[in-house]
**Student:** 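Could you have a look at this structure, given as structure tokens, before my questions?
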Amino acid sequence: MKEAQKIIDLNQADPQKFRSWNFLQDFCITCGLCASSCPASGIDGFDPRKVVRMVSLGLEQELVDSKFPWICTMCGKCEEVCPMQINIPDLVRSIRGLRDRDKVPGTLHKGLQAALKTGNNLGLPKDDFIFILEDVGEEIAEEPGFEGFKVPIDKKGANVLTTVHNKLVNTQNEDLKHWWKIFYAAGEDWTIPSDNWEGTNWGYFTGDDEAMKTMTGRILENMRRLEVKTLLWPE
Amino acid sequence: MAQFPKNVMVIGGGVAGLATALTLSDLGIRVDLVEKSDFLGGHAIRFACKATDECVKCGACMVEEKLGQAVADPSIRLLTGCRIENIERNGRFKADLTRRPAYIDADKCTACGLCYRDCPEGAVHRGYSASTRPFYAVDVAHCLQFKDQSCRRCIEVCPEDAISLSGEPQKLTCEADAVVVATGFDAFRPVSKPYGYGRFKNVVTSLEMEDILRENGAPVRPTDGEPARKMAFIQCVGSRDASLGHLWCSRICCGTSMRMARMLKHREPELEVTFFYIDIQTFGRDFDSVHRRIQEEMRLVRAIPGDIYENEDGGLKVVHQDVDSGESVKEDFDLVVLSVGLTPAEGTQEVAGLLQLRTADWENPFGEAVVPEGVFLAGAVAGPMGIADSVADAGRAALEVRGYLDGKPGGK
């Protein structure tokens, strides 16, 4: 049976359960604007309107077990259109946080574990990371107009520190070049840290506040260490 | 006992003001009915009859009837095109009014419509009722003659010599023993909603749909004048919406739109009608039966659409949740009616200031009106109200006025 059609035992309802969550969920008038607007509506029965109602009814176990919070991309369109201004993306994040960590969907869980241990979701060693950056940098330097281009790794006192999304040093190396060329053309004084460079924060996505703080703290630490005042965090 | 005849000033010439004036007249009281626009009847006169093979008690004909009676009643002085400059209170009320010149002479005008047809700026407006005299009026804000004296087209085409685009505003004084405020409501303008209103011509408000029906007798599309084959109604546009500061239910939209849809289906059984709604708010003891029949006759979708896109032919793609699959789908419609909510009228605040009156706060259930002695409220100025309720409320207000004039304590 599809999740959307499952009959929920309202004896489990506990409307007091999530009263302390201040996402305005109890103001929902079930108008369905969120569900009509959501790009993920209907995927495995996903329905943001139902998520909000489940929270309002305090159906904790149903929510924890449900796939719904993990289908949502937290893009925020629902919040934009909601006439009651319910903060649905943050509400979804809070539900994700209720799940035991080893039951968080595999990719996210393993990626976050790797990030906490090694500084990036891939577990990519520092030498390999530097090799990839320099290799891409050399390719740029071969292009007309970019003669002498070099990737400024760990440059102390630079104006801008930028993080790197792990996919850019994995399968999508080419996409590194766009930003870097713009920096070069603009004469920007920028740098990339060689440790803890990961831009994605799966602590944020999985509702794990502690992990989110750790990942964010590392970026701040890089800024302090390299004495950089501006952060470009293109996640 | 009061000394008759007494005089009462009624502010607002919509259905509540008209009904108050008529009841007061029946009670032997003279009335000055003050209206800021050029026409009487307010929003309600725009409503089309919703009868199927039987009367559905929509009240539209009541407005026409009241308007005709008021025009014919010698105890009611009809003051359209008026602005209230000041109201003094010294036992009685004394109001200074400025009345716009009548650019079209009501006695000469035969309502032939040539001025309306030929005005290059669309600055000639017309009324909604044959009882409105004159049937046409000039909107000076858009008239070229008033802008730079470059156009006399209407004067030239008028076969009756009824139009003159000159004249000075007239100063008038109303002395009254009591004042009734019947300033009604404003209809929500849904430009901030994601439905392309104002850009997509075939997205219209429920009030504009009334105009279309009165003019054509059928739901024709503004883009090509062809009758729609597949229509959608979107309910609660501008009502029950915290982001707009409109938490209230506007009360009349479910009934009005459902009666409209039933009337259209009755005339054209092939017409497909879809209702996008949250829940049906029913008021009045007859409404349950209407609602039951609606469920049999139409498609009801319990989700408010998220977006509308326009097709090349002026058709519309409505993005909404398909409630069976749960998916967000795009569905084509010829014509979309936004059932717009009611909001407090902008003009009410000005009148309230002159009378030291505080009207009810629609947003706040405890925000009751504070009304000074001798002042009375009638109709939707107090909160969302349909035609029948406005007429009933007007009757109540008129009787309270009579009690006050008779010197009963408080008059209420």
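Order of the sequence lines fixes the chain letters, A, B, ..., with proteins taken first and strands second; residue numbering starts at 1 for each chain. It should be emphasised that the depicted structure is a prediction, and the values quoted were computed from it without experimental measurement.
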**Student:** Which atoms of B:Leu244 are under 4.5 Å from chain A, going by heavy atoms: the side chain, the backbone, both sets, or neither?
**Tutor:** neither
**Student:** Can you list everything that forms a side chain to side chain contact (heavy atoms under 4.5 Å, CB included) with B:Cys236? Sequence neighbours excluded, please.
**Tutor:** B:Arg240, B:Ile278
**Student:** Have B:Ser328 and A:Ser41 got a donor and an acceptor in their side chains that come within less than 3.5 Å?
**Tutor:** no
**Student:** Find the one option among A:Leu33, A:Asp47, A:Ile29 whose heavy-atom pairs under 4.5 Å with chain B are most numerous.
**Tutor:**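 Of the options given, most contacts go to A:Leu33.
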**Student:** Under the criterion salt bridge (charged side-chain N to carboxylate O under 4.0 Å, His left out), I'd like the reasoning laid out for A:Lys17 against A:Glu60: C-alpha separation, chi angles, the key distance, then a yes or no.
**Tutor:** CA-CA 8 Å; A:Lys17 188 85 212 176; A:Glu60 185 176 20; 2.9 Å; yes
**Student:** Heavy atoms under 4.5 Å from chain A: which residues of residues 197-210 of chain B carry them?
**Tutor:**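 Those residues of residues 197-210 of chain B which would need a heavy atom under 4.5 Å from chain A do not exist here.
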**Student:** Would you please name every residue forming a ring pair (Phe, Tyr, Trp, His ring centres under 6.0 Å) with A:Trp180, sequence neighbours left out?
**Tutor:**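 Here the qualifying residues are A:Trp190.
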**Student:** Would you call B:Arg229 and B:Asp332 a salt bridge, taking side-chain N to carboxylate O under 4.0 Å as the test?
**Tutor:**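 Looking at B:Arg229 and B:Asp332, the cut-off is not met.
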**Student:** With sequence neighbours left out, what residues match A:Thr200 under side chain to side chain contact (heavy atoms under 4.5 Å, CB included)?
**Tutor:**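 With sequence neighbours excluded, A:Thr200 shows a side chain to side chain contact (heavy atoms under 4.5 Å, CB included) to A:Asn121, A:His165, A:Asn166, A:Glu198, A:Trp202, A:Glu235, given in chain and number order.
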**Student:** Let me know if B:Val323 has heavy atoms under 4.5 Å from chain A in its side chain, its backbone, both or neither.
**Tutor:** side chain
**Student:** Over all heavy atoms of both residues, which pair between A:Phe129 and A:Val169 is shortest? Give the atoms and the distance, please.
**Tutor:** CE1-CG1, 3.8 Å
**Student:** Quick check for you: among A:Ala35, A:Cys78, A:Pro39, which has the greatest number of heavy-atom pairs under 4.5 Å with chain B?
**Tutor:** A:Ala35
**Student:** Below 4.5 Å from any heavy atom of chain B, which atoms of A:Cys31 appear? Answer side chain, backbone, both or neither.
**Tutor:** both
**Student:** For the residue pair A:Phe18 and A:Trp21, does the interplanar ring angle fall in the parallel (under 30°), tilted (30 to 60°) or perpendicular (over 60°) class?
**Tutor:**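 The rings of A:Phe18 and A:Trp21 sit tilted, inter-plane angle from 30° to 60°.
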**Student:** Given A:Asp208, which partner from the list A:Leu116, A:Leu112, A:Val104, A:Asn201 fulfils the side chain to side chain contact (heavy atoms under 4.5 Å, CB included) test?
**Tutor:** A:Leu112
**Student:** Tell me which of these, A:Pro83, A:Gly32, A:Ser36, A:Cys82, has more heavy-atom pairs under 4.5 Å with chain B than the rest.
**Tutor:**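 With the most close heavy-atom pairs to chain B, the winner is A:Ser36.
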